[in-house]
Amino acid sequence: METRILPAQAPETIPTAAEILRAGGLVALPTETVYGLGANGLDEHAVAKIFLAKGRPQDNPLILHVAAPEQIDQLCHSVPEAAYALAKAFWPGPLTMVLPARAFIPRATTAGLPTVALRCPDNAVTREIIRQAGVPVAAPSANLSGKPSTTTAAHVYADHNGRIDAIVDGGPCRVGVESTIVDLTESRPRLLRPGGVTPEQLTAVLGDLTVDKAVTAQIDKDAVVKAPGMKYRHYAPQAPVTIVAGEREQAAAFIRRNFVPGDRVLCFQEELPLYAGCAPLAYGSEADAATLSAGLFAALRELDDPAVHQIYARCPVGGGIAYAVQNRLKKAAAFRIVNPEESP
Ligand code: AMP
Ligand code: MG
């Protein structure tokens, strides 16, 4: 199969992508978070192709992407008021809500759960493709399963050339990490994955939020969890990643002491001068956490190279979007974190 590249601004792109989706094909779509690998979310055969192309475990459900908030009631039942309030505040935008699923949504999409995850992406071309396709579009991050997510069309091409019908090229993604996921099916709203909509923003609308343990700790692969995707190895380059915590100079001294050729350092822009000779790669500026989220996955993909033996990574602290960056980096590191104050 030849994978077509469709520039987002070309006039034929929207109708062509919509037609491929209606016909049961796979189209990678740009969003503000990461590139998604889209298929008709109501067609179980089309959805099966996503799992095949990504090598995704069958028990990991997909997010349905909608063109407008009106689709919430078409796809979900028993919708709490909080869902409408969140849609009003954050859609289109990087927020996914888990709600009770109507029975016609295929098991392939929900992985057999009674719930479904919904999001309205903040990308006008992609929303118009969804609208013209006339169906909700199931779209997980377009990376091969387990690999760092795709934030450019070139990343998608590298993973899927010849295996999917088309890629809509909308340039690099603005947010750069996947959507925030909040579960609204229990008595209290629960954060299942941090992302571009911050816990502080959610709490301001909901007045309440609990954080699922999968956000902060490694989950056993056999565990039954609310967000099944969260128990798998994620976002990881081939080499082991170790987060080096603590104050800048102390962390740099630790890394320089332990560094051997073949290692790489993933750091903040501000830290580059401290790592001369240690093959540093900056993924953004510590002073502006949005640059870290925008640059993280491209950097992890660059380090995904068999010649790299070990990656020392610097991780931002604090809330806001930095909280989502911490979560992805800790997962990429399988929660391996050293503190130089406590280690030689
Ligand atoms: P991805 O789009 O591949 O980055 O991952 C989608 C995430 O949404 C995974 O972590 C899924 O487990 C999660 N997800 C999708 N549907 C549901 C659902 N019904 N309940 C809980 N989590 C879900
Ligand atoms: Mg993913």
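As the structure is a prediction and not an experimental result, all values here were calculated from the model.
A donor-acceptor contact shorter than 3.5 Å links the side chain of Gln201 to the backbone of Thr198. Distance alone, capped at 3.5 Å, is enough to place a donor-acceptor pair between the Thr203 side chain and the Pro199 backbone. Thr150 places no side-chain N or O within donor-acceptor distance of the main-chain N or O of Val156, the cut-off being under 3.5 Å. In this structure, Ser285 contributes its side chain and Ala287 its backbone to a donor-acceptor pair below 3.5 Å. In this structure, Thr110 contributes its side chain and Val116 its backbone to no donor-acceptor pair below 3.5 Å. Of the possible polar contacts, one joining the Gln71 side chain to the Ala67 backbone as a donor-acceptor pair under 3.5 Å is found.
Within 6.0 Å of atom CD in Glu2, 12 or fewer heavy atoms from other residues, nucleotides or ligands are found, so the atom counts as exposed in its surroundings. The number of heavy atoms from other shown groups lying within 6.0 Å of CD (Glu186) is above 12. Within a 6.0 Å sphere centred on CZ of Arg22, heavy atoms belonging to other residues, nucleotides or ligands number more than 12. The local environment of CZ in Arg336 is crowded, with over 12 non-hydrogen atoms from other residues, nucleotides or ligands closer than 6.0 Å.
Listed here is the closest heavy atom pair of Val205 and Ala89: CG2-CB, 3.9 Å. The nearest pair of heavy atoms linking Gly162 to Thr3 is N-OG1, 2.8 Å. Residues Leu62 and Arg56 approach most closely at CD2-NE, 3.4 Å, considering heavy atoms. Taking all atoms of both residues into account, the shortest heavy-atom contact from Ile63 to Ser179 is CD1-OG, 4.0 Å. When every heavy atom of Pro92 is checked against every heavy atom of Pro121, the shortest pair comes out as CB-O, 3.4 Å. Leu26 and Ala46 make their closest contact through CD2-O, 3.9 Å (heavy atoms, listed as atom of the first residue, atom of the second, distance).
Applying the ring-ring contact (aromatic ring centres under 6.0 Å, His included) test to every pair with at least one member in residues 53-84, sequence neighbours left out, gives no pairs at all. Under the ring-ring contact (aromatic ring centres under 6.0 Å, His included) criterion, the residue pairs touching residues 293-324 are Tyr235-Phe297, with sequence neighbours excluded. Sequence neighbours left out, not one pair with a member in residues 38-48 passes side chain to side chain donor-acceptor pair (under 3.5 Å).
Annotation: side chain of Arg301 is not in contact with side chain of Pro237 (no heavy-atom distance under 4.5 Å). Counting heavy atoms from C-beta outward, Thr242 and Ile337 have side chains that stay 4.5 Å or more apart. A heavy-atom distance below 4.5 Å is found between the side chains of Arg4 and Thr16. For the pair Leu42/Pro136, a side-chain contact is recorded, criterion being any heavy-atom separation below 4.5 Å from C-beta on.
Rounding to the nearest 0.5 angstrom, the gap separating the NE2 atom in His155 from the OG atom in Ser149 is 10.5 Å. Taken from OG in Ser78 to CZ in Arg102, the straight-line distance is 8.0 Å, to the nearest 0.5 Å.
Contact check on Arg193 versus Asp183 returns no salt bridge, with no Lys/Arg side-chain nitrogen under 4.0 Å from an Asp/Glu carboxylate oxygen. A salt bridge does not link Glu286 with Arg314: none of the charged nitrogens is closer than 4.0 Å to a carboxylate oxygen. Salt bridge annotation for Asp305-Arg264: absent, with no cationic side-chain nitrogen under 4.0 angstrom from a carboxylate oxygen. Classification of Lys147 and Asp159 as a salt-bridged pair fails, no side-chain N sitting under 4.0 Å from a carboxylate O.
For the 3.5 Å distance criterion, the side chains of Glu32 and Asn123 fail to qualify, holding no donor opposite an acceptor. Side-chain atoms of Arg119 and Thr31 include a donor-acceptor pair closer than 3.5 Å. In this structure, a donor-acceptor pair under 3.5 Å is present between the side chains of Gln132 and Glu128.
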>> Before you tell me yes or no, could you show the steps for Ile129 and Val168 under side-chain contact (heavy atoms from CB on, under 4.5 Å), namely the whole-Å CA-CA distance, both residues' side-chain angles and the distance that decides it to 0.1 Å?
In response: CA-CA 10 Å; Ile129 291 169; Val168 177; 4.0 Å; yes
